[in-house]
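Single-structure report; data block below.
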Amino acid sequence: MDRDRADRRRSESSAQPLVISDDPAFVDEMARLCAASALVADVVADVVADPTRAGSLWARASCVLVDDERVVDVVALRVRRRDDVIVIGRRPPADDVWRCTVQIGAADVVVLPDSARRIADRLAETANPGRSDACVVGVVGAGGGAGASTVAAGLAAANARRGRRSLLVDADPLGGGIDLLMGCEGVPGLRWPDIEIDGGRVAAGSLLAALPSVGGVSVLSASGASGAELDASSLHAMIGAGRRASRLVVVDLPRHVGAVTGAQSSDLDAILVVATTTVRSIASGRQVAAAAARACSEIRVVVRTTRGRSIEPDAVAEALRIRLAGIVPTLGAVTRAADDGDGVARGWRARRCYDLLLAEVVAIGAGR
């Protein structure tokens with residue numbers, strides 16, 4: 001990396017971070033944090049050792065990381081104040097550093113290595129500000145075979161049919177891989193085992209570009225995870241990226257929902273418990289709903305019906321003591337499509353029920 005000359009090969013419209021430092025170790029650490037914040041796409045900092053050579057990069061950069069040993073030189077230039085300037089030191093800042101920080105309007109003074117994660121978070125946020133109003137919904141089965149994964153896929157596909165970006169996240173390492181259900185197991189792209197999160201945040205645009213996609217749905221599958229538990233912090237980072245990059249994030253949750261969401265309850269706007277019209281499903285659904293309520297305040301039930309059902313959907317919701325979000329009929333075409341790896345619901349009946357369910361989910365998200 002050239003420490004005296006900014007890299008001019010990148011597009012003028014593609015803002016990158018600016019690092020102001022003549023310390024090789026400091027520059028290398030900033031490069032590592034840039035890589036951590038980007039996942040797979042290039043977030044490569046422009047680096048200048050001499051602040052007088054920053055020029056237009058000062059205003060154009062996505063954020064500015066100033067070595068505290070050069071902050072006095074930056075102040076001497078009388079640079080125009082801007083957002084997203086961070087002064088970074090190796091030890092608690094002295095009084096003169098604080099004064100300089102105020103003069104250039106820096107947002108913060110942080111100390112390495114304790115604040116490395118915080119810096120990576122900020123790099124990802126400024127490189128991919130994206131949107132933050134997406135709805136995030138978790139889907140969990142009241143019992144085995146309830147069809148939670150099919151409902152999750154149907155919701156994501158319904159949103160995609162509206163021309164909106166959807167992210168389908170497989171958080172169940174024992175579910176066999178939702179890419180099989182979606183029919184994209186052979187499509188190149190990252191799965192959970194390929195992802196290492198260092199820094200706590202993931203660049204939004206990079207995430208969706210790196211995942212396999214089918215029918216307008218980006219899919220993050222647990223396929224190949226060897227049954228290993230997904231930790232809450234990794235799921236939190238991926239959901240955060242999905243929230244910034246898409247309009248809907250659907251998380252296919254394991255039945256022990258608290259294992260991955262307990263530490264990050266604010267991630268989910270709603271949880272849908274998928275139950276069937278059987279006494280056993282209702283009995284297990286009560287336990288699942290109780291666990292879900294500890295992770296999220298908005299719990300709804302989706303009832304999957306079958307021919308000759310003995311319990312009405314409204315009665316299922318009443319027995320579970322949670323509101324009914326929608327009804328999904330068991331259709332042979334949908335079952336065959338799932339078995340064939342054709343994934344999402346086909347036919348007007350299936351699409352209609354998922355469109356209605358999506359409307360309910362969107363309403364929940366709008367009211368959060």
Side-chain angles (χ1 to χ4, degrees), residues 1-7 10 15-39 42-129 196-203 206 231-234 236-237 240-241 263-264:
M1 191 178 289
D2 190 339
R3 291 174 172 79
D4 295 310
R5 180 168 56 88
D7 186 353
R10 293 186 294 280
Q16 300 286 352
L18 170 63
V19 174
I20 299 178
S21 177
D22 57 0
D23 180 350
F26 181 92
V27 172
D28 287 345
E29 178 63 8
M30 293 306 102
R32 187 190 71 80
L33 293 176
C34 283
S37 72
L39 184 64
D42 289 335
V43 175
V44 181
D46 289 306
V47 179
V48 292
D50 181 355
T52 63
R53 304 189 67 175
S56 63
L57 290 174
W58 174 268
R60 196 175 72 237
S62 60
C63 65
V64 181
L65 308 177
V66 182
D67 186 341
D68 69 345
E69 295 184 1
R70 302 309 308 265
V71 70
V72 173
D73 300 322
V74 174
V75 169
L77 294 175
R78 298 180 181 273
V79 294
R80 177 176 294 183
R81 286 178 174 239
R82 54 152 294 161
D83 294 332
D84 299 313
V85 177
I86 302 174
V87 176
I88 304 169
R90 296 83 164 165
R91 61 191 67 84
D95 289 345
D96 61 332
V97 172
W98 280 112
R99 285 193 294 270
C100 290
T101 298
V102 172
Q103 287 180 266
I104 63 174
D108 209 350
V109 180
V110 299
V111 179
L112 290 174
D114 295 346
S115 297
R117 178 168 181 164
R118 191 167 157 194
I119 297 168
D121 276 2
R122 197 65 191 137
L123 284 165
E125 186 174 276
T126 56
N128 265 287
E196 294 182 7
I197 296 175
D198 182 9
R201 197 175 186 121
V202 180
S206 303
D231 66 276
S233 61
S234 294
H236 169 70
Q264 307 291 346

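Computed from a predicted structure; not experimentally measured.
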- prompt: Atom CG of L112 and atom CE of M30: how far apart are they, to the nearest 0.5 Å?
  reply: 4.5 Å

query: How close do L33 and A116 get, heavy atom to heavy atom, and via which atoms?
result: CD2-O, 3.6 Å

- prompt: Could you walk me through whether D46 and V19 pass the side-chain contact (heavy atoms from CB on, under 4.5 Å) check?
  reply: CA-CA 6 Å; D46 289 306; V19 174; over 6 Å; no

- line: Residues at least two apart in sequence or cross-chain that pass side-chain hydrogen bond (donor to acceptor under 3.5 Å, both in side chains) with D67, listed by chain then number, are S21, R90

query: How would you list, by chain and number, every residue that makes a side-chain contact (heavy atoms from CB on, under 4.5 Å) with V75, sequence neighbours excluded?
result: C100, Q103, I104

field: Partners passing side-chain contact (heavy atoms from CB on, under 4.5 Å) against T101 (at least two apart in sequence or in another chain)
entry: V87, V97, A106, V109

- prompt: Under 4.5 Å between any side-chain heavy atoms of V79 and V74, yes or no?
  reply: yes

- prompt: What pairs meet the salt bridge (Lys or Arg N to Asp or Glu O under 4.0 Å) rule with one or both residues in residues 94-104, with sequence neighbours excluded?
  reply: none

message: Can you tell me how far apart CZ (F26) and CD1 (I20) are? Round to the nearest 0.5 Å.
response: 9.5 Å

message: Going by salt bridge (charged side-chain N to carboxylate O under 4.0 Å, His left out), name the residues that satisfy it together with D73, two or more places apart in sequence or in a different chain.
response: R70

With sequence neighbours excluded, residues passing side-chain contact (heavy atoms from CB on, under 4.5 Å) with A61: L18, V64, R82

- prompt: When you look at CZ of R91, are more than 12 heavy atoms from neighbouring residues, nucleotides or ligands closer to it than 6.0 Å?
  reply: no

message: Nearest 0.5 angstrom please: D50 CG to D22 CG, how far?
response: 9.0 Å

message: Nearest 0.5 angstrom please: E69 CD to I88 CD1, how far?
response: 12.5 Å

